[in-house]
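Pasting a structure here, questions to come.
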Amino acid sequence: SCTSWLSALTDQRLLPAIKQMHATPQRAWRLSELARATAMSRTGFAVHFKQVTGITPLTYLTRWRMMLAQYALRHEDKSLSALVNELGYGSESAFSHAFKREVGVSPAHYRNQVRALS
């Protein structure tokens, strides 16, 4: 939700990790790396992140990636394989599964839907 994004972006303790996730969404981030960026323990980081945003750090990362994917599918002519690489998924199947779980439809269906509306 918008509230979790805004909460994350305004929390000074979380901001270093958020900035890293936003800058390199394709990276296979580990909780320990994100916690280190905030100078917090893994547990402290995970608990604080969830208290502030209502979701886990890795769920946040997935949702960020899916927002980027939706933007690309709406406005760019990138292939699915290019998106897979840019967003850090190991395969088109893994990306498509994550996209459908978050957005409710497959990436191809989403692209066709939004383009039909414009």
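In this text, all values refer to a predicted model and were calculated from it rather than measured experimentally.
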message: Main chain of Phe99, side chain of Glu102: is a donor-acceptor contact present, judged purely on distance under 3.5 Å?
response: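 No: the side chain of Glu102 does not pair with the backbone of Phe99.
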
- request: Answer yes or no: is there a side-chain heavy-atom contact under 4.5 Å between Ile18 and Asp11?
  value: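 No, too far: nothing below the 4.5 Å cut-off.
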
message: Would Val84 and Glu92 count as a side-chain contact (heavy atoms from CB on, under 4.5 Å) here? Give the steps.
response: CA-CA 6 Å; Val84 166; Glu92 286 188 27; 3.7 Å; yes

message: On the six-membered ring of Tyr89, is Arg65 placed so that its NZ or CZ lies under 6.0 angstrom from the centre and within 45° of the ring axis?
response: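 Flagged: Arg65 positioned over aromatic ring of Tyr89.
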
- prompt: For Met66, does its backbone N or O pair with a side-chain atom of Gln70 as donor and acceptor, under 3.5 Å?
  reply: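 Side chain of Gln70 to backbone of Met66: a pair is present.
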
- prompt: Would a 4.5 Å heavy-atom cut-off, applied to side chains only, mark Leu87 and Gln26 as touching?
  reply: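 A side-chain contact under 4.5 Å is absent here.
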
The single option from Leu83, Asn112, Val103 passing side chain to side chain contact (heavy atoms under 4.5 Å, CB included) against Leu73: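 Passing option: Leu83.
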
Arg74 atom CZ, over 12 foreign heavy atoms within 6.0 Å: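 Result for CZ/Arg74: enclosed.
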
task: Keeping to residues at least two apart or across chains, list the ring-ring contact (aromatic ring centres under 6.0 Å, His included) pairs with something in residues 67-88.
output: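 Checked against ring-ring contact (aromatic ring centres under 6.0 Å, His included) - neighbours excluded - the pairs reaching residues 67-88 are Tyr71-His75.
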
message: Would you say that Phe49 contacts Thr56 through its side chain, given a criterion of any heavy-atom pair below 4.5 Å between the two side chains?
response: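 A side-chain contact is absent here, since even the closest heavy-atom pair is not under 4.5 Å.
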
task: Decide yes or no for Pro107 and Leu80: does some side-chain heavy atom of the first lie under 4.5 Å from some side-chain heavy atom of the second?
output: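 A side-chain contact exists here, since the closest heavy-atom pair is under 4.5 Å.
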
field: Spatial distance of atom NE2 (His48) from atom CZ (Arg13) [nearest 0.5 Å]
entry: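 Nearest 0.5 Å value for the NE2-CZ distance: 4.5 Å.
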
field: Whether Trp29 side chain and Thr24 backbone form a donor-acceptor pair below 3.5 Å
entry: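 Yes; at least one donor-acceptor contact below 3.5 Å.
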
query: What residues form a side-chain hydrogen bond (donor to acceptor under 3.5 Å, both in side chains) with Ser96, not counting sequence neighbours?
result: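 Checked Ser96 against side-chain hydrogen bond (donor to acceptor under 3.5 Å, both in side chains); zero matches.
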
field: Results of side chain to side chain contact (heavy atoms under 4.5 Å, CB included) for Gln12 - residues two or more places apart only
entry: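 Listed in chain order: Leu15.
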
message: The criterion is side chain to side chain contact (heavy atoms under 4.5 Å, CB included); which residues satisfy it with His109, sequence neighbours excluded?
response: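 With sequence neighbours excluded, His109 shows a side chain to side chain contact (heavy atoms under 4.5 Å, CB included) to Val105, Ser106, Gln113, given in chain and number order.
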
Under the side chain to side chain contact (heavy atoms under 4.5 Å, CB included) test, residues paired with Ser93 that sit two or more places apart: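 With sequence neighbours excluded, Ser93 shows a side chain to side chain contact (heavy atoms under 4.5 Å, CB included) to Ser91, given in chain and number order.
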
- prompt: Do Lys50 and Ile55 touch side chain to side chain, with heavy atoms closer than 4.5 Å?
  reply: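 The answer is no; the side chains never approach within 4.5 Å.
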
message: I'd like to know if Asp77 and Arg115 make a salt bridge, using a cut-off of under 4.0 Å between side-chain N and carboxylate O.
response: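 Here Asp77 pairs with Arg115 in a salt bridge, since their nearest N and O are under 4.0 Å apart.
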
message: Please enumerate all residues that pass side chain to side chain contact (heavy atoms under 4.5 Å, CB included) together with Leu31, with sequence neighbours excluded.
response: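 Checked Leu31 against side chain to side chain contact (heavy atoms under 4.5 Å, CB included); matches are Arg42, Phe45, Ala46, Pro57.
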
message: So, taking the atom named NZ in Lys78 and the one named CZ in Arg111, what distance separates them when rounded to the nearest 0.5 Å?
response: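 One gets 10.0 Å once the value is rounded to the nearest 0.5 Å.
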
- prompt: Is there side-chain contact between Val52 and Leu14, with heavy atoms separated by less than 4.5 Å?
  reply: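 The answer is yes; the side chains approach within 4.5 Å.
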
Distance-only polar pair, side chains of Thr43 and Ser41, donor-acceptor under 3.5 Å: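 No, no side-chain donor-acceptor pair sits under 3.5 Å.
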
- prompt: Once the angle between the rings of His22 and Tyr60 is folded into 0 to 90°, is it parallel (under 30°), tilted (30 to 60°) or perpendicular (over 60°)?
  reply: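 The arrangement is parallel - the two ring planes meet at less than 30°.
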
